[in-house]
Amino acid sequence: MQWFPNILTSIFLFAAHQASAQELKVLTSFPQDLADAYVAMWQHREPETEISILNKNTVAGINEILRGNDRGFDLFWASSPEAFELLSRNGSFVDDAVCGENGPRATEPFALSSVGWARRTDSTLFMPAEWNDLLRPIYRDKIAMARPARSGTTHMLVEQLLLVRGWDDGWAYLLELAGNLSTLTARSYGVPDGLANARFEIGLTIDFLAQSQRDVLDFRYGRPIVLVPAQVGILKGGLASDKACDFVHMLLSRDGQLALLSPEISRIPYNASVRAEVETQLPDGIAEALRLSWLDYDAAITSDRYWAVNTLFDLLLTEVLVERRNFWRRYYELEQEVAQNDLRDVRALLSTIPISEEESIAATLSINASERSLAGIGTLDTTVIVEWRGRVTRLMHQIDVALRYLEQQAPQ
């Protein structure tokens with residue numbers, strides 16, 4: 001009877017692939033409010049076609065598709081530029097001609113976003129004016145952000161810092177920021193929700209998540225404002241590609257673009273003519289950012305190191321947040337006791353990442369080629385993580401020894 005479960009599995013998969021072509025299946029990382037608005041618009045236009053939405057975080061969504069899209073999703077809909085770059089490299093989207101000569105392409109940008117920070121509207125805490133303000137002592141234990149491994153928007157935030165500042169200086173900033181972090185949330189939605197519920201004072205987040213709660217949250221863009229397109233893509237393995245084309249057309253239509261401005265969505269339309277029409281409704285700084293030639297978000301580079309950046313963040317911050325936060329507390333106390341020259345080496349250790357950008361890219365490309373997954377569960381993933389964790393552990397020990405030496409030398 002060992003064959004029986006295998007037969008049941010085969011029947012289940014066969015049935016899934018025989019689902020009605022009148023059902024449109026969408027895999028997305030977007031919050032429910034955004035999805036609900038477009039489901040309602042779709043049902044008004046196509047009442048005979050059922051639409052089902054499955055929400056997954058970005059990494060889980062990418063993995064679902066990389067493993068073969070066995071559940072037959074027709075559309076992938078997300079903010080992460082790396083997701084679309086990685087899936088395009090994998091050949092996960094249909095041919096651009098699928099929607100016809102005048103139809104949308106297989107992947108299309110439909111909205112713009114950028115990152116920054118938020119606080120409650122009733123907060124008396126000084127609103128940071130720039131990224132470096134977040135390192136100030138007044139924010140110790142008051143800042144929250146999500147783990148980039150669980151949030152495509154936070155991964156984008158981390159990568160913006162790495163792109164603007166460079167690999168070493170970008171990580172140095174994040175490692176110093178750890179001294180002011182109170183928590184790392186499991187999902188990107190946890191940041192605005194935690195702010196609204198007064199669990200912390202400042203939250204690093206993306207514009208639309210904060211501005212959809214503008215009645216209770218103030219949001220400020222980090223400069224430079226790097227605008228990144230959210231996208232939608234028609235997947236291979238879906239059974240309703242014609243309906244998928246219709247859905248993308250709806251998103252790109254004037255009505256679909258204007259719907260982005262509704263308070264529960266609060267996104268920036270991608271269509272330039274629609275943006276010009278509603279320029280006075282756009283958030284402060286966005287119109288200026290659109291006119292300036294600032295840094296472009298390089299999805300090719302960030303995709304080459306996607307797995308490594310998520311993994312390194314967890315090794316360097318998530319797993320050792322309490323210890324790292326305590327190291328910075330001890331360092332700040334020593335600033336009052338010893339000469340700055342004596343602290344220089346300790347600060348360098350506190351701000352050092354022991355893995356180079358070249359290593360991170362090589363590891364990510366090897367894992368992508370061998371595992372067909374970004375979940376970090378394969379043999380190669382485990383080997384790399386163990387080796388990198390060992391380097392971090394040794395570095396943390398060096399920091400502790402250096403701090404203890406200076407503490408012993410400090411005046412009593």
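In what follows, every heavy atom counts, from backbone to side chain, and hydrogens, waters and symmetry copies are set aside.
Of the N and O atoms on the side chains of Q43 and Y38, not one donor lies less than 3.5 Å from an acceptor on the other residue.
You'll find the ring centres of F126 and Y139 outside the 6.0 Å limit. Remark: aromatic rings of Y221 and W117 are distant, center separation not under 6.0 Å.
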- Kindly determine whether E335 and L343 satisfy side chain to side chain contact (heavy atoms under 4.5 Å, CB included), including the steps that lead there. CA-CA 8 Å; E335 279 189 320; L343 286 168; 3.7 Å; yes
- From CA spacing to verdict: side-chain hydrogen bond (donor to acceptor under 3.5 Å, both in side chains), R267, S113: CA-CA 7 Å; R267 302 204 72 155; S113 294; 2.5 Å; yes
- Item | L251/F247 under side chain to side chain contact (heavy atoms under 4.5 Å, CB included): CA gap, chis, key distance, verdict | CA-CA 6 Å; L251 278 179; F247 187 87; 3.8 Å; yes
- Message: Show, in sequence, the C-alpha distance, side-chain angles and deciding distance for D74 and K236, and conclude whether the salt bridge (Lys or Arg N to Asp or Glu O under 4.0 Å) test is met.
- Response: CA-CA 7 Å; D74 300 293; K236 288 180 180 177; over 6 Å; no
- CA sep, side-chain torsions, deciding dist, call: E82, T302, side-chain hydrogen bond (donor to acceptor under 3.5 Å, both in side chains): CA-CA 7 Å; E82 292 87 4; T302 60; 2.8 Å; yes
Side-chain polar contacts of residues 269-276 - donor-acceptor pairs under 3.5 angstrom, sequence neighbours left out - could you list them?
residue: N271; atom: OD1; partner: S273; partner atom: N; Å: 2.9
residue: N271; atom: OD1; partner: S273; partner atom: OG; Å: 2.4
residue: N271; atom: OD1; partner: V274; partner atom: N; Å: 3.0
residue: R275; atom: NH1; partner: P269; partner atom: O; Å: 3.3
residue: R275; atom: NH1; partner: Y270; partner atom: O; Å: 2.5

Contacts table for residues 29-37: side-chain donor-acceptor under 3.5 angstrom, sequence neighbours left out:
residue: Q32; atom: NE2; partner: D36; partner atom: OD1; Å: 2.8

Let me check something: any side-chain donor-acceptor pairs from residues 104-112 under 3.5 Å, sequence neighbours excluded? List them with distances.
residue: R105; atom: NE; partner: E108; partner atom: OE2; Å: 3.2
residue: R105; atom: NH2; partner: E108; partner atom: OE1; Å: 3.0
residue: E108; atom: OE2; partner: R105; partner atom: N; Å: 2.9

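Distance alone, capped at 3.5 Å, places no donor-acceptor pair between the Y189 side chain and the L209 backbone. Judged by distance alone, with hydrogens and angles left aside, the side-chain atoms of S92 form no donor-acceptor pair with the main-chain N or O of I65 at under 3.5 Å. A donor-acceptor distance shorter than 3.5 angstrom exists from the side chain of S253 to the backbone of G256, with no hydrogens or angles considered. At distances below 3.5 Å, at least one donor-acceptor pair connects side-chain atoms of D133 with backbone N or O atoms of A129. In terms of modelled atom types and a separation under 3.5 Å, the side chain of T352 and the main chain of P354 share no donor-acceptor contact. Between the side chain of S123 and the backbone N or O of R119 there is no donor-acceptor pair closer than 3.5 Å. When atom types are taken as modelled, the side chain of R120 and the backbone of V216 share no donor-acceptor pair closer than 3.5 angstrom. Side-chain atoms of S151 do not come within 3.5 Å of backbone N or O of P148 as any donor-acceptor pair. A donor-acceptor pair under 3.5 Å is formed between the side chain of S360 and the backbone N or O of E357. At least one donor-acceptor pair closer than 3.5 Å links the side chain of D207 to the backbone N or O of S114.
With sequence neighbours excluded, the residues forming a ring-ring contact (aromatic ring centres under 6.0 Å, His included) with W167 are W171, listed by chain and number. In this view, S88 and F93 satisfy the side-chain contact (heavy atoms from CB on, under 4.5 Å) rule, not counting sequence neighbours. Partners of A97 by side-chain contact (heavy atoms from CB on, under 4.5 Å), not counting sequence neighbours, listed by chain and number: D95. For R325, the salt bridge (Lys or Arg N to Asp or Glu O under 4.0 Å) partners two or more places apart in sequence, or in a different chain, are D141. Residues that satisfy the side-chain contact (heavy atoms from CB on, under 4.5 Å) test with R147, not counting sequence neighbours, are A149, R150, L184, D314, T318. Checked against side-chain hydrogen bond (donor to acceptor under 3.5 Å, both in side chains), S52 has the following partners two or more places apart in sequence or in another chain: E23. Considering only residues two or more places apart in sequence or on other chains, E323 meets the side-chain contact (heavy atoms from CB on, under 4.5 Å) condition with V320, M396.
More than 12 heavy-atom neighbours from other residues, nucleotides or ligands sit within 6.0 angstrom of CD on E48.
Ring geometry, W307 versus W388: the interplanar angle falls from 30° to 60°, so the pair is classed tilted.
Nearest approach of L181 to L317, heavy atoms of both residues: CD1-CD2, 4.2 Å. Residues A78 and F84 come closest through the heavy atom pair O-CE1, 3.6 Å. The minimum heavy-atom distance between G222 and Q160, with the atom names listed, is O-NE2, 4.3 Å. A pairwise comparison of heavy atoms in M127 and A118 identifies CE-CA, 4.5 Å as the closest pair. The nearest pair of heavy atoms linking S303 to L86 is O-CD2, 3.9 Å. For the residue pair L125 and I138, the shortest heavy atom distance occurs at CD1-O, 4.1 Å.
Looking at R391 and E359, a side-chain N of the basic residue comes within less than 4.0 Å of a carboxylate O on the acidic one, giving a salt bridge. Taking 4.0 Å as the cut-off between side-chain N and carboxylate O, K56 and E64 count as a salt-bridged pair. Under the 4.0 Å criterion applied to side-chain N and carboxylate O atoms, R89 and D304 are assigned as salt-bridge partners. Checked for salt-bridge contact, E130 and R223 miss the test: no charged N lies under 4.0 Å from a carboxylate O.
In this structure the side chain of L163 never reaches within 4.5 angstrom of the side chain of V226, judged on heavy atoms. Between L349 and F327, every side-chain heavy-atom pair lies at or beyond the 4.5 Å cut-off.
Residue pairs meeting the side-chain hydrogen bond (donor to acceptor under 3.5 Å, both in side chains) criterion with at least one partner in residues 392-406, sequence neighbours excluded, are R330-D400, D400-R404. Screening residues 163-181 for salt bridge (Lys or Arg N to Asp or Glu O under 4.0 Å), with sequence neighbours left out, gives E176-R347.
We find the CD-OG1 distance between Q213 and T121 to be 11.0 Å, quoted to the nearest 0.5 Å. Put simply, CZ on F219 and CD on Q211 are 6.0 Å apart, with the number rounded to the nearest 0.5 Å. The distance from atom OG1 of T154 to atom CG of N57, rounded to the nearest 0.5 Å, is 10.5 Å. Note that CD1 of I268 and OG of S266 are 10.0 Å apart. Values are rounded to the nearest 0.5 Å. Of the inter-residue distances, the one linking L334 atom CG with R329 atom CZ reads 10.0 Å to the nearest 0.5 angstrom. One finds the OG1 atom of T153 at 9.5 Å from the CE atom of M145 (value rounded to the nearest 0.5 Å).
Seen from the ring of Y332, R140 counts as a face-on cation partner, given the 6.0 Å and 45° thresholds. For the pair K25 and F73, the distance from NZ or CZ to the six-membered ring centre is under 6.0 Å and the angle to the ring normal is within 45 degrees.
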